Protein chains: 2
Amino acid sequence: MRWSQIDAIPCPLAQAMSVIGDSWTLLILRDAMRGARKFDEFQQSTRASRAVISARLAHLVERGVMERVQYEAHPPRYEYRLTNRGLALQPVMMTMAHWAETHLPKPVRSAGRRHTTCGHKFRPVVTCSECGETVTPETVTFDRPPALAGSK
Amino acid sequence: MRWSQIDAIPCPLAQAMSVIGDSWTLLILRDAMRGARKFDEFQQSTRASRAVISARLAHLVERGVMERVQYEAHPPRYEYRLTNRGLALQPVMMTMAHWAETHLPKPVRSAGRRHTTCGHKFRPVVTCSECGETVTPETVTFDRPPALAGSK
DNA sequence: TATGTAAGTTCGTTTTCTGAACTCAGTCTC
DNA sequence: GAGACTGAGTTCAGAAAACGAACTTACATA
């Protein structure tokens with residue numbers, strides 16, 4: 001199977017990967033969450049090739065994660081903004097960055113996240129929507145244990 | 001810049017992507033969390049080419065996310081197991097799958113996660129380690145606002 | 001001897017990525 | 001009004017990676 005057909009797999013994770021699973025895409029989204037909007041900002045910050053940036057932004061627009069907005073008529077200029085769908089990826093990226101900070105050896109300056117509601121620096125913690133307790137890999141089971149073999 | 005040099009970028013997200021950002025890698029990890037261990041299980045479930053599975057597993061072992069263990073001496077057979085570092089990706093993947101379930105249009109059967117501690121079906125919720133409240137994109141700021149332009 | 005199995009590797013072809021240059025529409029400076 | 005500049009891309013040739021199928025290795029079983 002081709003990677004380009006990944007969206008045919010009926011699994012939430014595969015669906016997610018079909019949208020954000022390309023190289024550079026997550027770094028583009030990282031920059032968008034930091035406030036980047038213009039083509040050249042994405043290109044200079046990620047240092048991916050312009051062709052890749054172009055293809056990735058188009059894909060993200062097509063999948064509703066970003067939108068292309070004309071912000072100037074003469075000359076015509078466009079910028080890219082996160083949609084709600086794109087903004088909703090923030091917890092995913094925060095969790096992923098936190099994994100890297102705590103589980104990868106290379107020392108990287110942590111992001112210094114602050115929760116404005118309480119004012120504290122914080123770690124993102126994944127909890128159970130029902131009891132509020134921290135969810136660990138050991139305390140999760142699946143009701144319909146997902147079939148392992150790819151469906152024929 | 002090449003994707004293969006992505007690990008040179010001093011950003012937690014880039015570091016994470018250098019480990020788990022390749023096509024198929026996250027699906028391999030998904031299967032590993034469901035209990036897959038053998039080469040052919042990963043290949044049949046993901047349906048990626050054997051060469052890709054081989055390269056990805058080797059990369060994951062190199063980066064300490066999985067380990068290659070001989071489980072039979074005659075004939076010599078090896079399997080792949082998640083390390084603690086790999087297991088720690090579970091919250092990341094759960095959060096990502098939940099994003100797909102709630103924010104992507106295509107209807108996919110949700111995973112049916114159950115929290116064994118409280119016994120309920122649940123959604124993963126990202127909360128603040130300090131006050132316990134749900135963290136939304138709007139309530140997070142960064143202390144050292146990450147520089148936008150790539151450092152020269 | 002023949003068949004099967006698990007874990008890969010190899011190979012020729014197709015697809016994608018890369019970096020640099022180029023385009024386009026319009027503005028700004030001399 | 002000529003030439004340089006800007007932002008948002010596209011184009012192109014060469015390099016790298018992915019693809020599927022076949023092959024290999026090392027044994028076990030019939």
Side-chain angles (χ1 to χ4, degrees), chain A residues 1-9 14 17-18 21-28 31-32 35-62 66-81 148-150 152, chain B residues 1-9 14 17-18 21-28 31-32 35-62 66-81 148-150 152:
Chain A
M1 177 183 261
R2 303 251 147 136
W3 180 250
S4 55
Q5 285 143 25
I6 192 73
D7 65 340
I9 299 177
M17 290 312 277
S18 80
D22 272 304
S23 321
W24 304 112
T25 295
L26 233 50
L27 297 190
I28 289 174
D31 291 338
R37 300 192 155 183
K38 299 184 185 166
F39 189 94
D40 280 11
E41 285 179 320
F42 293 117
Q43 201 265 314
Q44 285 164 36
S45 175
T46 62
R47 307 229 230 156
S49 77
R50 302 180 76 75
V52 166
I53 299 293
S54 179
R56 294 298 179 271
L57 286 172
H59 183 65
L60 289 169
V61 168
E62 190 194 337
M66 300 191 86
E67 54 186 348
R68 186 171 181 263
V69 180
Q70 185 169 35
Y71 70 94
E72 193 183 279
H74 295 285
R77 292 289 149 80
Y78 300 90
E79 63 177 19
Y80 296 86
R81 294 183 197 164
L148 237 188
K152 183 56 62 56
Chain B
M1 178 183 262
R2 304 250 143 122
W3 180 251
S4 57
Q5 286 142 25
I6 192 72
D7 66 337
I9 298 177
M17 291 312 279
S18 81
D22 272 304
S23 323
W24 304 112
T25 295
L26 233 49
L27 297 189
I28 289 175
D31 292 338
R37 300 194 155 184
K38 298 182 185 168
F39 189 94
D40 280 12
E41 284 179 320
F42 292 117
Q43 202 266 314
Q44 284 163 36
S45 176
T46 62
R47 308 236 224 155
S49 77
R50 303 180 75 75
V52 166
I53 299 292
S54 180
R56 294 299 178 270
L57 287 172
H59 183 64
L60 288 170
V61 168
E62 191 194 332
M66 303 192 82
E67 54 185 346
R68 187 170 181 263
V69 180
Q70 185 166 33
Y71 69 93
E72 192 183 279
H74 295 285
R77 292 289 149 82
Y78 300 89
E79 64 178 17
Y80 296 85
R81 293 183 197 165
L148 238 187
K152 182 55 64 53

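Note on naming: letters A, B, ... go to the chains in the order of the sequence lines (proteins, then strands), and numbering restarts at 1 for each one. Computed from a prediction, not measured in an experiment: that's the story for all the values here.
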First and last nucleotide of DNA chain D in contact with chain A, 5' to 3', at under 4.0 Å to a heavy atom: what are they? dT6(D) to dG20(D)
How close do Arg56(A) and Ser23(A) get, counting heavy atoms only, and between which atoms?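 Closest approach of Arg56(A) to Ser23(A), heavy atoms only: NE-O, 3.1 Å.
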Show the nearest heavy-atom pair for residues Pro76(B) and Gln70(B), with the distance to one decimal. CB-NE2, 3.5 Å
Closer than 4.0 Å, any side-chain N/O of [X] to the OP1 or OP2 of [N]?
X: Ser54(B); N: dT9(C); answer: yes
X: Trp24(A); N: dT18(C); answer: yes
X: Arg68(B); N: dG8(C); answer: yes

Closer to the 5' end of DNA chain C via nearest nucleotide, is it Ala51(B) or Val52(A)?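 The residue whose closest nucleotide sits nearer the 5' end is Ala51(B).
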For Pro75(A) and Glu79(B), find the nucleotide of DNA chain C closest to each by heavy atoms; which residue's nucleotide sits nearer the 5' end?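 Nearest nucleotide further toward 5': that of Glu79(B).
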Is the shortest distance from a Lys or Arg side-chain nitrogen in Arg77(B) or Glu79(B) to a carboxylate oxygen in the other one below 4.0 Å?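 The answer is no: the pair does not qualify as a salt bridge.
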Interatomic distance where [atom1] belongs to [X] and [atom2] belongs to [N] [whole Å]:
X: Glu72(B); N: dG8(C); atom1: CD; atom2: P; result: 13 Å
X: Asp40(B); N: dA6(C); atom1: CG; atom2: C1'; result: 6 Å
X: Gln5(A); N: dT14(C); atom1: CD; atom2: C1'; result: 13 Å
X: His74(A); N: dC28(C); atom1: NE2; atom2: P; result: 13 Å
X: Gln43(B); N: dG8(C); atom1: CD; atom2: P; result: 12 Å
X: Leu57(B); N: dA6(C); atom1: CG; atom2: C1'; result: 14 Å
X: Gln70(A); N: dC24(C); atom1: CD; atom2: P; result: 19 Å

With a 4.5 Å cut-off on side-chain heavy atoms, are [Y] and [X] touching?
X: Arg81(A); Y: Met66(A); value: no
X: Met1(A); Y: Ile9(A); value: yes
X: Tyr71(A); Y: Lys38(A); value: yes

Here's a test of your reading of the structure: between Pro76(A) and Arg2(A), which maps to the more 5' nucleotide of DNA chain D?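 Upstream on the strand: Pro76(A).
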Quick check on DNA chain D: between Trp3(A) and Tyr78(A), whose nearest nucleotide comes earlier from the 5' end?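 That would be Tyr78(A).
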Using a heavy-atom cut-off of 4.0 Å across all strands, would you classify Arg37(A) as base, sugar-phosphate, or nothing?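 The residue Arg37(A) makes no contact with any strand.
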Would you indicate what Phe42(B) reaches in the nucleic acid, counting non-hydrogen atoms under 4.0 angstrom: base, sugar-phosphate, or nothing? nothing
For a quick check, tell me whether the side chain of Arg77(B) and the base of dT5(C) share a donor-acceptor pair closer than 3.5 Å. yes
I'd like to know whether Asp40(A) forms a side-chain contact (heavy atoms from CB on, under 4.5 Å) with Ile53(A), so could you lay out the CA-CA distance, the side-chain angles of the two residues, the decisive distance to 0.1 Å, and finally the verdict. CA-CA 9 Å; Asp40(A) 280 11; Ile53(A) 299 293; over 6 Å; no
